[in-house]
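Notes follow once the structure below has been shown.
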2 protein chains.
Amino acid sequence: MADDTLRIDRSAKTLRTLALERMREAIMDFHFQPGERLVERPLCNQLGVSRSVVREVLRQLETEGLVQMIPGHGPAVAKPDLGRTDEIYELRALLEGIAAKACAASATDDQIALLDATLAKLLEAWASGVPAEVMRATTKFYEALFESADKRVAWEIVSGLNVRINQLRSMTIASANRREPAIAEMHEIMDAIRSRKPEAAEAAARRHVESAWNIARTALLVSGEGKADLLGRDEAHSGQSSL
Amino acid sequence: MADDTLRIDRSAKTLRTLALERMREAIMDFHFQPGERLVERPLCNQLGVSRSVVREVLRQLETEGLVQMIPGHGPAVAKPDLGRTDEIYELRALLEGIAAKACAASATDDQIALLDATLAKLLEAWASGVPAEVMRATTKFYEALFESADKRVAWEIVSGLNVRINQLRSMTIASANRREPAIAEMHEIMDAIRSRKPEAAEAAARRHVESAWNIARTALLVSGEGKADLLGRDEAHSGQSSL
DNA sequence: TGTCATCTTATGGTATACCATGATATGGAG
DNA sequence: CTCCATATCATGGTATACCATAAGATGACA
């Protein structure tokens with residue numbers, strides 16, 4: 001009976017889902033600049049879908065925090081939450097801390113092996129030097145960490161926080177001399193988990209977030225003094241930004 | 001036919017916003033049962049708005065976690081996250097703890113006065129004995145607490161968690177003998193904040209969540225053994241559920 | 001020439017109509 | 001009574017049409 005060979009792909013993604021993923025990715029990869037207007041009708045053309053679909057997608061991205069509705073002007077790519085970065089990093093430290101702790105306390109050997117594998121991929125990504133790859137691999141690693149810790153809700157929250165500081169994260173990853181310390185910090189976390197030391201794992205995870213936080217802070221200072229960019233420019237925006 | 005009980009008057013904000021708020025409230029107040037199907041076109045009639053509006057509202061409620069899309073069946077009121085309640089209460093304890101701590105450490109006298117006022121309202125609500133009132137007043141109190149602690153993001157997260165255990169919360173509030181302990185716990189939190197003892201405030205806040213958690217756990221056990229309700233029944237659902 | 005009123009246009013918001021598909025219910029044939 | 005064909009319904013997806021408003025362009029008058 002169980003012959004799946006000709007079973008139809010039941011998970012047929014709806015057009016809206018595809019459009020949603022595409023848009024989310026486009027925003028997170030900065031194909032749209034923060035602050036850039038997202039005019040509905042042009043978006044229909046760019047995505048090749050109808051306005052209804054675009055509008056529903058925009059509503060979802062809005063509640064996800066990736067898109068802001070400017071009253072009287074419609075949707076725009078959300079600008080980063082500069083006033084809340086401290087709190088966001090604090091929460092990340094807290095949550096990633098408890099995940100690492102729980103993981104060290106209760107992960108199975110299989111789960112630890114999986115974590116090792118994703119960590120290896122993360123190292124490869126660092127070696128490649130492509131920031132977007134590093135970010136993706138980092139996300140994968142943490143996803144596995146939270147999964148092993150059985151903290152799915154916490155993972156959803158952390159993911160939500162990360163979209164709000166997406167720019168900061170990519171800046172910290174691209175920052176000079178971040179590579180060696182980051183790798184060392186990740187190894188500390190894994191070592192503590194492997195040797196089943198919950199407290200040490202929690203501390204290591206918090207340290208990792210805190211060091212990223214420090215980088216982000218100095219990055220903010222620099223861009224704050226210098227060109228005062230980051231807040232999204234109002235000048236000529238990239239317009240059609242082909243998807 | 002025309003069930004005008006939740007028809008909205010289009011005057012101030014956008015129609016979609018009004019419909020969203022109305023629906024959110026209706027779900028949280030159990031005018032729709034968990035698991036109940038939310039068929040689009042009937043909803044249009046009940047709300048008195050077009051399908052576009054309903055669909056966009058449903059998308060938003062979906063990403064907020066109040067509505068689940070059942071593949072091939074469309075939207076339904078989300079059932080509570082019974083498998084995740086432990087994690088949710090754990091996170092609430094963590095977050096309300098840090099808010100209370102920060103509040104005790106840095107709240108101004110004005111803010112403390114405001115907290116006292118909301119606490120007084122909460123006591124009134126308990127005196128009234130109306131669970132929905134108690135819930136509302138509790139929410140107000142915590143909102144003020146997080147605001148005074150300058151933890152807006154954390155508050156958003158806690159609010160999000162609360163919608164996922166909305167039923168549990170109303171059960172714990174309605175539970176017998178909850179009133180006196182709850183009031184005592186809240187006073188402990190406020191006393192610690194007033195006397196500027198961050199650690200004590202954090203501990204008190206955590207204790208409060210944990211005792212609610214215990215009530216919720218026993219409530220779950222009872223309903224689990226007993227009628228096995230709570231998960232939302234598939235039998236005759238209330239249909240038009242006059243709002 | 002400068003200011004103000006008006007017109008136009010772009011945009012968002014809302015309402016419907018339509019189609020294809022998949023799920024469910026119904027009712028008749030065997 | 002069972003099983004299958006059909007009808008019905010709900011949904012996802014699309015396309016339009018209409019209206020209100022805000023921004024920008026135009027033009028008249030002081």
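Within every chain, numbering begins at 1; the chains are lettered A, B, ... in the order of the sequence lines, protein sequences first and strands thereafter. When reading the values below, keep in mind they use all heavy atoms of this one structure, side chains included, and skip hydrogens, waters and symmetry mates.
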Taking every non-hydrogen atom, the tightest pair across Asn166(B) and Met28(B):
ND2-O, 2.8 Å

Heavy-atom closest pair (Ala154(A) atom, Phe146(A) atom, distance to 0.1 Å) is CB-CE2, 3.7 Å

Check the distance between [N]'s [atom2] and [X]'s [atom1] and give it to me in whole angstrom.
{"X": "Asn45(B)", "N": "dA15(C)", "atom1": "CG", "atom2": "C1'", "value": "13 Å"}
{"X": "Leu43(A)", "N": "dG12(C)", "atom1": "CG", "atom2": "C1'", "value": "13 Å"}
{"X": "Ile70(B)", "N": "dT24(C)", "atom1": "CD1", "atom2": "P", "value": "11 Å"}
{"X": "Arg16(B)", "N": "dC19(D)", "atom1": "CZ", "atom2": "P", "value": "21 Å"}
{"X": "Leu47(A)", "N": "dT14(D)", "atom1": "CG", "atom2": "P", "value": "11 Å"}
{"X": "Glu40(B)", "N": "dA15(C)", "atom1": "CD", "atom2": "P", "value": "15 Å"}

Residue whose nearest DNA chain D nucleotide is more 5′ - Gly74(B) or Ser50(A)
Gly74(B)

Charged N-O contact under 4.0 Å between Glu40(A) and Arg55(A)
yes

Would you call Glu62(B) and Arg59(B) a salt bridge, taking side-chain N to carboxylate O under 4.0 Å as the test?
yes

Give, ordered by number, those residues of residues 51-60 of chain B having at least one heavy-atom distance below 4.0 Å to an atom of DNA chain D; if nothing qualifies, reply none.
Arg51(B), Arg55(B)

Just checking, any donor-acceptor pair under 3.5 angstrom between side chains of Asn214(A) and Arg217(A)?
yes

Can you find a pair of side-chain heavy atoms, one from Arg24(A) and one from Glu64(A), that are under 4.5 Å apart?
yes

From the set dG12(C), dT14(C), dA10(D), return the single nucleotide nearest to any side-chain atom of Val39(B).
dA10(D)

By the 4.0 Å heavy-atom rule, please label Arg41(A) as base, sugar-phosphate, or nothing.
base

